[in-house]
Amino acid sequence: MATPSAKEIRNAIHAKADPGIAAQSRRFFKTADGEYGAGEQFLGVRVPDLRRIAREFREASLRVIAGFLRSRWHEERLFAVILMVEKHARGDASIREAIHRLYCDNLRFINNWDIVDASAPRIVGPHLEKRDRSQLRIWAKSSNLWERRIAIMATFHFIRRNDFDDTLALAETLLHDPEDLIHKAVGWMLREIGNRDRAVVEAFLERHAGVMPRTMLRYAIEKFPERERRAWLARR
């Protein structure tokens, strides 16, 4: 099978563009001046279509994928990480290493929450599973919102393996983060820990519920019984 060209892939993506969906996306992803997605540009392509196109062009080279990763269009960057995740999952050690390197070399383009969430737990997390994880602590202290979200979201891979220490440590680091998108991500990861070991997340909440952002707390206790949720929220 011939390696697909960037032009073929771009034509397939742009054929699904919808101005109405693009307008909705600009509102949903907060693209106004001063918002987290300020200046983000959308074609209006739905995620299921991007996933289908990624399956169709799964043999695209990393060179071609890199071009989409650096695109001005949100959906082309999302397409790139979807395809990187797919290739990472079925690739050998050298392919996985190359994909992780491509990802880290282009962090400035991993710059919205859906792109982070689609990729960090499936590229960064697996790469660091049996390696030094200190890079996560560096990212968690970054001035860049998306690097901080990458740090906490990468730990989802560890949580799925009942390995909670890094998530809890990063949650403490990010406890007073100014950004709501970090509050949501940390709360989400605490909730995932609670789904697997309720006592672990309750111990964390005992120490921090009184000072953690309300959104973070609400996300963390979302699956708790109603009476318990009210009791935890009363501590905030």
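In this structure, His183 has its ring center no closer than 6.0 Å to that of Tyr219. For Phe42 and Phe29, the ring centers are positioned less than 6.0 Å apart.
A donor-acceptor contact shorter than 3.5 Å is absent between the side chain of Arg149 and the backbone of Ile182. Of the possible donor and acceptor atoms, one in the side chain of Arg236 sits under 3.5 Å from a partner among the backbone N and O of Met212.
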With a 3.5 Å cut-off and sequence neighbours excluded, list the donor-acceptor pairs that the side chains of residues 81-93 form with protein atoms.
from: Glu86; atom 1: OE1; to: Arg90; atom 2: NE; distance (Å): 2.8
from: Glu86; atom 1: OE1; to: Arg90; atom 2: NH2; distance (Å): 3.4
from: Glu86; atom 1: OE2; to: Arg58; atom 2: NH2; distance (Å): 3.0
from: Glu86; atom 1: OE2; to: Arg90; atom 2: NE; distance (Å): 2.8
from: Lys87; atom 1: NZ; to: Arg58; atom 2: O; distance (Å): 3.1
from: Lys87; atom 1: NZ; to: Ala60; atom 2: O; distance (Å): 3.0
from: Arg90; atom 1: NH2; to: Arg58; atom 2: O; distance (Å): 2.9
from: Asp92; atom 1: OD1; to: Ser94; atom 2: N; distance (Å): 3.2
from: Asp92; atom 1: OD1; to: Ser94; atom 2: OG; distance (Å): 2.8
from: Asp92; atom 1: OD1; to: Ile95; atom 2: N; distance (Å): 2.9

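The side chain to side chain donor-acceptor pair (under 3.5 Å) test applied to Arg148 returns Asp177, not counting sequence neighbours.
Listed by first and then second residue, the ring pair (Phe, Tyr, Trp, His ring centres under 6.0 Å) pairs involving residues 123-143 are His100-His127 (not counting sequence neighbours).
Checking His208 against Glu172 by side-chain atom types alone, a donor-acceptor pair falls below 3.5 Å.
Two residues are said to be in side-chain contact when any heavy atoms from C-beta on lie closer than 4.5 Å; Val47 and Asp114 fail this criterion. The shortest distance between side-chain heavy atoms of Val201 and Arg196 does not fall below 4.5 Å.
Contact check on Arg160 versus Glu192 returns no salt bridge, with no Lys/Arg side-chain nitrogen under 4.0 Å from an Asp/Glu carboxylate oxygen.
Counting heavy-atom neighbours within 6.0 Å of Arg191 CZ, excluding the residue itself, gives a total above 12.
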Report the C-alpha distance between Thr173 and Ile152 in whole Å, list the side-chain angles of each, state the deciding distance to 0.1 Å, and finish with yes or no for side-chain contact (heavy atoms from CB on, under 4.5 Å).
CA-CA 10 Å; Thr173 297; Ile152 190 66; over 6 Å; no
